[in-house]
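All values below come from the heavy atoms of this structure, side chains included, with hydrogens, waters and symmetry mates left out. The chains referred to below are lettered A, B, ... by the order of the sequence lines, with proteins before strands, and numbering in each begins at 1.
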Amino acid sequence: MKELVHNLYSYRLLLKSNVKKEIRGKYKASFLGILWSFINPLLTALVYALVFPFILKNTEPHYVTFIIIGILPWTYFTSTIIQGTTVILNNAGIIKKVYFPREILPIAVNTSGLINFLISCIIIAFFLIFSGIGFSLNILYLPLILLTQYIFQLGIILITSALEIYVRDAEYIINFFINMLFYATPIIYSANMFAGSHIEWLINLNPMASIINSYRNILYYQTMPELKSLFITLGASLILLYLGFKIFNKLQKGFAEEV
Amino acid sequence: MKEIEKAIEVKNVTKSFKLFYDKPSTLKERLVFWNKKKADVRIILNNISLEIKKGETVALIGVNGSGKSTLLKMMTKIIYPTKGTIKTTGKITSLLELGAGFHPDFTGRENIYFNASIFGLTEKEINARLEDIISFSELGELIDSPVRTYSSGQYMRLAFSIAINVDAEILLIDEILSVGDQHFQEKCFKKLQELKESEKTIVIVSHSLDSIKSLCTRAIWINEGKIRLDAKTEKVIEEYIKVCG
């Protein structure tokens, strides 16, 4: 483990330039460029905000703001998982030719996703101001939630990106799970809807639910996040991250031959 | 006498590849064909052991498919041995494939940073070498144009200039002594000679016996996955020509 940290540190410039490449390369050929990382979640949120008030009986008062606070972290999650799963495969050319710590690739995807998410947080700020909700000191919990989400996602993509090399179905299975998870995560609805019912514990099992609830608490409801649930998620994510590095390290020896 | 440090230590290394007639890569295929062993195991290297000391310049020779490049790739940790261990001490640069990881839309200068970072250099270290790299490549003002506008010779020149200026302790080179035009080739050759004298460890895979003769002090002849002969360059080449020439 110590060796890995040292190795990653000495390759930090590669990590940096990879993050840059991810961010710059993503929207390179498109007309609106980086603006798409704002427009996309915004449009999605607007669609939901138009449709769901008809389906759900009672929605939250500032429903667009409510949804946007759920959608943006969710977009960070899905884009990282989807890109992260195929990142080793997509870099086959370079993996076959040069040695570098392969962990750099998933870490770069997750980090560039985080930067993208932080930029798009401008939208959240915008909606918080114009809906009159404003800000509270609870926003100081934001780094803790971000860290939890970062670790959770890195743990997942370390495993899925390595598995993808051996079983190409991984990406399709992942896609399906993400679609399913969308409905099992309180994004378009509030977790409070299920308070006291049978499925509350089911939602509590979902780390993304805990993460999104925390964002909602500090930004939308302006309360403290549920620290117990958040710390359990953080703890579980750390274990996942450890397993992720272990599995990745085990499988990476075959990357150059299998891709 | 003080023992000279080992730079590369290869111990009982065997490398075999599975050759699939129809490689299962999807879950369905894995499930359906899980008990069909349609793979042939082909042994590329068979229980090889060798030591390369610090400061040595060693050539690996042998006919195509004898396992030279595989051995080199294992030294760089791109692939791993099936059995046995390989231990290396010091920073390694591999010139297995020049320009791996060049981004065509970035300028030559940007690619220097990108490519050198693949070799594990920090920004400071690259800044210190930037001038050397650019002047060695002789690209002049072209360095600020996108790499896709380069000719293949210019491309190789830039790649070689980066790799050779990384300042690694161990240099692994695979059949790239034919970079660029006559003038640049001579320059590369001189640079390699310089590196050789500065106590770097160099391992070269090449078919160009003449350049090996003047560059390397020791040669290892690999044949059918085994070391056939490991001795002074002249002697190995003499034997090699007798058998394969």
Side-chain angles (χ1 to χ4, degrees), chain A residues 3-4 6-22 24-29 86 88-105 108 160 163-174 176 249-259, chain B residues 15-20 23-31 44 69-70 72-82 88 91-103 105-106 110-127 159 162-163 166 168 172 174:
Chain A
E3 198 183 340
L4 176 72
H6 176 258
N7 213 352
L8 286 177
Y9 182 72
S10 61
Y11 277 86
R12 59 192 178 279
L13 180 64
L14 178 62
L15 179 62
K16 203 174 119 189
S17 48
N18 255 319
V19 170
K20 249 191 229 162
K21 204 175 75 178
E22 291 277 343
R24 228 169 75 172
K26 198 171 168 195
Y27 300 107
K28 197 155 184 273
T86 53
I88 303 288
L89 194 61
N90 290 341
N91 284 283
I94 194 163
I95 285 204
K96 279 185 186 170
K97 286 170 195 158
V98 202
Y99 168 80
F100 58 91
R102 314 302 194 201
E103 288 88 355
I104 295 262
L105 295 171
T160 56
L163 280 180
E164 169 76 7
I165 302 301
Y166 296 90
V167 188
R168 297 287 147 89
D169 301 58
E171 58 180 304
Y172 306 110
I173 298 169
I174 292 289
F176 170 73
N249 193 35
K250 189 112 196 145
L251 294 179
Q252 63 118 348
K253 296 191 171 168
F255 282 174
E257 289 164 51
E258 296 277 343
V259 290
Chain B
K15 179 73 193 173
S16 55
F17 287 110
K18 275 188 194 140
L19 288 182
F20 293 97
K23 191 174 166 234
S25 64
T26 67
L27 197 57
K28 184 197 85 190
E29 286 165 9
R30 283 206 180 213
L31 290 176
I44 304 290
S69 298
T70 306
L72 214 57
K73 271 189 184 164
M74 284 195 288
M75 289 175 182
T76 61
K77 286 196 276 183
I78 294 173
I79 57 176
Y80 292 76
T82 318
T88 54
K91 192 176 200 161
I92 297 181
T93 313
S94 57
L95 285 72
L96 295 185
E97 197 117 1
L98 286 173
F102 268 12
H103 200 293
D105 284 330
F106 289 173
E110 285 170 312
N111 268 306
I112 291 178
Y113 281 92
F114 195 64
N115 204 245
S117 71
I118 290 180
F119 292 128
L121 263 65
T122 62
E123 207 157 351
K124 232 194 207 157
E125 289 169 320
I126 299 174
N127 283 335
I162 299 170
V166 168
L172 305 174
D174 191 355

Close side-chain approach of Leu8(A) and Ile104(A), heavy atoms under 4.5 Å:
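Heavy-atom side-chain distance check passes, below 4.5 Å.
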Please classify the contact between Leu15(A) and chain B as side chain, backbone, both or neither, with a heavy-atom cut-off of under 4.5 Å.
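For Leu15(A), neither part sits under 4.5 Å from chain B.
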Below 4.5 Å from any heavy atom of chain B, which atoms of Lys96(A) appear? Answer side chain, backbone, both or neither.
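Only the backbone of Lys96(A) comes within 4.5 Å of chain B.
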Check side-chain contact (heavy atoms from CB on, under 4.5 Å) between Leu13(A) and all other residues, then give those that pass, not counting sequence neighbours.
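If we apply the side-chain contact (heavy atoms from CB on, under 4.5 Å) test to Leu13(A), skipping adjacent residues, the hits are Ser117(B), Glu123(B), Ile126(B).
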For the residue pair Tyr99(A) and Tyr11(A), does the interplanar ring angle fall in the parallel (under 30°), tilted (30 to 60°) or perpendicular (over 60°) class?
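Rings of Tyr99(A) and Tyr11(A): perpendicular, as their planes differ by over 60°.
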Would you call Glu257(A) and Lys15(B) a salt bridge, using N to O less than 4.0 angstrom?
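So Glu257(A) pairs with Lys15(B) through a salt bridge.
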Can you tell me which portion of Phe119(B) sits under 4.5 Å from chain A's heavy atoms? Options are side chain, backbone, both or neither.
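Interface part for Phe119(B): both.
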